[in-house]
Structures are given as structure tokens and as C-alpha cells.
Amino acid sequence: MSDFPWSAFALNLAWAAAAALAVMLVTFAVAVRVGMHRIVDIAWGVGFTAVAVVTCVASAGEGDPVRRLLVTALTALWGLRLAVHIARRSRGHGEDPRYEAMLAKAPGNRNAYALRMVYLLQGALVWLVSLPVQAAQYVPDPPSALTWAGAALWAVGLGFEAVGDAQLARFKADPVNRGKIMDRGLWSWTRHPNYFGDFCVWWGLFLAACDSPAAAAVSVVSPVVMSLLLTRGSGKRLLEKHMADRPGYTDYQARTSGFFPRPPKRTHSGAGAR
């Protein structure tokens with residue numbers, strides 16, 4: 001642990017917080033101008049990319065160059081793909097019902113409430129969840145097999161997210177599927193391929209920090225928090241609550257894994273429909 005540059009890393013925590021905050025404040029200003037707060041979802045991936053790039057610059061001379069570039073590239077590729085996907089998915093739609101419901105109950109000014117409860121909160125989460133991205137770049141040792149295993153796990157996660165999102169987009173684009181439940185491709189193996197993909201991405205990035213016990217210790221909170229958010233927080237739990245009354249969803253739940261992929265079970269009720 002003595003080899004880990006604690007003082008430089010501590011300064012980086014401040015730089016990373018500033019980067020995440022800057023992304024959220026710019027996004028807030030744009031959202032107020034266009035009158036739509038759903039664009040904060042696009043800023044989620046951009047925020048992680050900003051933190052990774054700022055850390056890569058700040059860690060020059062401290063961390064191993066290969067590891068720094070690897071972690072930055074993996075984070076940016078994941079974050080920018082997610083941002084572009086959400087931007088395309090949101091095009092032509094109005095305010096997100098989640099934010100509309102939240103802001104309808106806002107005490108006082110809606111925009112000020114959104115700033116506190118959405119933008120600043122998400123900025124804080126970006127900073128917290130990005131701890132492996134920050135810590136890994138200050139590890140002075142070259143990448144070991146553990147780091148490359150993390151990169152492989154990251155690749156599995158990105159694949160699940162990208163393929164799952166593309167399959168769902170194609171399904172929804174076909175008018176024949178309107179009102180049906182998506183239960184094909186990766187969606188027949190897990191009800192949440194995108195959330196499972198996120199899970200793999202962040203545990204993979206955490207492994208990239210595990211060549212240093214100090215970096216691992218300071219950043220393990222990140223994949224744990226992300227796992228809880230995906231399975232018990234704003235991810236799986238809220239989506240399934242929203243989908244519960246959809247025709248065919250109960251059958252879909254019965255035959256399809258709730259998170260970790262596995263072959264679908266056979267049921268007597270036949271194929272369902274998302």
C-alpha cells in the first residue's frame with residue numbers, strides 16, 4: 001500500500017468531483033433552456049467520460065501509462081455509447097414521466113429542486129461510482145492478468161448492453177410488436193440485459209484497480225453501489241414495477257431470469273410477448 005500515491009490520488013478526487021459537477025451544471029443549463037430535464041440521462045455517460053479523461057491527464061507520471069490509457073478508453077467507450085443511445089432513444093419525446101412526477105411535487109421552484117435532487121445527486125454518484133476509474137490510473141504497476149480479466153468482463157458487459165439495446169430498438173420499431181413484451185434474443189435469457197451489462201462493466205473496471213490492494217480497497221464501494229442501484233434501486237426494481245400490469249409480463253417473469261443470464265424455462269402458457 002505504500003507504493004500507492006495517496007497525496008496525488010487525493011488531489012485527483014477533487015479534480016474528478018469538479019469534472020462531474022461541470023458536466024451536470026452545463027446539462028442543467030441546457031435543460032432549463034429547452035424546458036426538459038430528461039437530458040440529464042444523457043449526461044450520465046458523459047460525466048464518467050469526463051472523469052476518466054481528467055484523471056488520465058492528472059495521473060501522468062504517477063500511474064502506469066498502459067493502464068491509464070486502457071481504463072480511460074474503456075470508460076469513455078462505455079460512457080459515450082450509452083450517451084448516444086439514450087440521446088437517440090429520447091429524440092422526439094417529451095419530458096420523462098419520472099421527472100415530471102418528481103417535479104410536480106417540488107416545493108418551491110421546480111428548476112432549483114431539479115438541480116438539488118437530480119443533477120447534483122447524479123454528479124455525486126458519478127464521482128462515487130467512478131472511484132475504480134480514478135484509483136486504477138494511479139496504480140504504478142503494469143497491467144497483470146487480473147487487469148486483462150477485468151477488461152474481458154467489461155467487454156462482456158458492453159456486449160450485453162449494446163446488443164440488448166439494439167434488439168429492443170428493432171423490436172419496438174416494428175408496429176406488429178406494439179404492446180407486446182420483448183422476449184427474444186438476450187431478452188429471453190435475462191429480463192435486463194442492459195442492467196446485467198452495466199454490472200459486468202463496473203466489476204470489470206474494479207478488477208483493473210485490483211493490482212494494488214490500496215486502489216482496490218478505496219474503490220470496492222463503486223461496484224457494490226452500482227450493483228445495488230441496478231438490482232434494488234432505480235434500475236430493475238422500478239422498471240419491473242412499471243411493467244407489472246403489462247399483458248404477458250407475469251409469464252415472462254416466470255420463464256426468464258431476473259438478472260443473471262440463463263436459458264429460459266419452459267412454461268405451459270406458451271411464448272410471451274415485451
Side-chain angles (χ1 to χ4, degrees), residues 4-6 8-27 40-87 119 122-143 146-159 161-162 197-212 214-216 218-226 229-230:
F4 190 76
W6 283 107
F9 175 70
L11 180 60
N12 191 91
L13 292 175
W15 282 114
L21 179 62
V23 169
M24 292 301 164
L25 290 179
V26 169
T27 305
V40 70
D41 294 339
I42 301 172
W44 179 251
V46 176
F48 285 106
T49 301
V51 168
V53 171
V54 166
T55 299
C56 187
V57 173
S59 62
E62 299 286 354
D64 175 76
V66 174
R67 187 189 305 275
R68 288 169 51 237
L69 292 176
L70 174 67
V71 170
T72 300
L74 296 184
T75 306
L77 182 57
W78 169 81
L80 295 179
R81 188 214 73 86
L82 181 62
V84 170
H85 168 69
I86 293 176
Y119 294 86
Q122 287 209 23
L125 281 173
V126 166
W127 178 85
L128 178 66
V129 174
S130 69
L131 285 175
V133 175
Q134 299 178 57
Q137 297 194 56
Y138 282 87
V139 176
D141 303 320
L146 189 60
T147 298
W148 296 113
L153 182 59
W154 172 93
V156 170
L158 186 70
E161 287 192 56
D198 250 4
F199 173 90
C200 293
V201 162
W202 286 101
W203 280 104
L205 289 171
F206 168 69
L207 289 179
C210 286
D211 284 336
S212 163
V218 79
S219 60
V220 68
V221 65
S222 162
V224 172
V225 167
M226 181 59 86
L229 287 173
L230 292 169

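Computed from heavy atoms alone, side chains included, the values below leave out hydrogens, waters and symmetry copies. Model, not experiment: these values are computed from the prediction.
- Using a 4.5 Å heavy-atom cutoff, the side chains of Cys56 and Leu69 are in contact.
- For the pair Cys200 and Val156, the tightest heavy-atom approach, listed with the atom from each and the gap, is SG-CG1, 4.5 Å.
- Between the side chains of Thr147 and Asp211, at least one donor N or O sits under 3.5 Å from an acceptor N or O.
- Here the closest non-hydrogen pair linking Ala208 and Ala136 is O-CB, 3.7 Å.
- No donor-acceptor pair under 3.5 Å is formed between the side chain of Trp78 and the backbone N or O of Val201.
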Checking side-chain contact (heavy atoms from CB on, under 4.5 Å) for the pair Leu205/Thr75: CA distance, chi angles, key distance, verdict?
CA-CA 8 Å; Leu205 289 171; Thr75 306; 4.0 Å; yes
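- Taking CD from Glu161 and CG from Leu82, the interatomic distance works out to 6.5 Å, rounded to the nearest 0.5 Å.
- Considering only heavy atoms from C-beta on, Leu13 comes within 4.5 Å of Leu131 through its side chain.
- Closest of all the heavy-atom pairs between Ala135 and Val218 is CB-CG1, 3.9 Å.
- Below 30°, between 30° and 60°, or above 60°: for Phe48 and Trp202 the angle between ring planes is between 30° and 60°, a tilted geometry.
- Note: Leu77 CG to Trp154 CH2 = 4.0 Å, rounded to the nearest 0.5 Å.
- Looking only at side-chain heavy atoms (C-beta outward), Pro143 and Asp64 come within less than 4.5 Å of each other.
- Here CE of Met226 is found 9.5 Å from CG of Leu128. Values are rounded to the nearest 0.5 Å.
- One distance of note links CZ of Phe206 with OG of Ser222; it measures 9.0 Å at 0.5 Å rounding.
- Summarising the geometry, atom CD belonging to Gln122 is positioned 13.0 Å from atom CG belonging to Leu21; distances are rounded to the nearest 0.5 Å.
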Residues Leu25, Tyr119; criterion side-chain contact (heavy atoms from CB on, under 4.5 Å); working and verdict:
CA-CA 7 Å; Leu25 290 179; Tyr119 294 86; over 6 Å; no
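- Under 3.5 Å, the side chains of Ser219 and Gln134 contain no donor-acceptor pair of N or O atoms.
- Contact of the Leu207 side chain with the Trp203 side chain is not registered, since no non-hydrogen atoms from C-beta on lie closer than 4.5 Å.
- Residues Ala20 and Gly123 come closest through the heavy atom pair CB-O, 3.7 Å.
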Let's go through Val126 and Met24 carefully: what are the C-alpha distance in whole Å and the side-chain angles of both, what is the deciding distance for side-chain contact (heavy atoms from CB on, under 4.5 Å) to 0.1 Å, and is it a yes or a no?
CA-CA 10 Å; Val126 166; Met24 292 301 164; 4.2 Å; yes
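- Between Gly204 and Leu153 the shortest heavy-atom distance is N-CD2, 3.7 Å.
- Panel note: side chain Arg68, backbone Gln137; no donor-acceptor pair is recorded below 3.5 Å.
- Counting heavy atoms from C-beta on, the side chains of Trp127 and Val51 never come closer than 4.5 Å.
- Going from atom CZ of Arg67 over to atom OG1 of Thr72 covers 12.0 Å, rounded to the nearest 0.5 Å.
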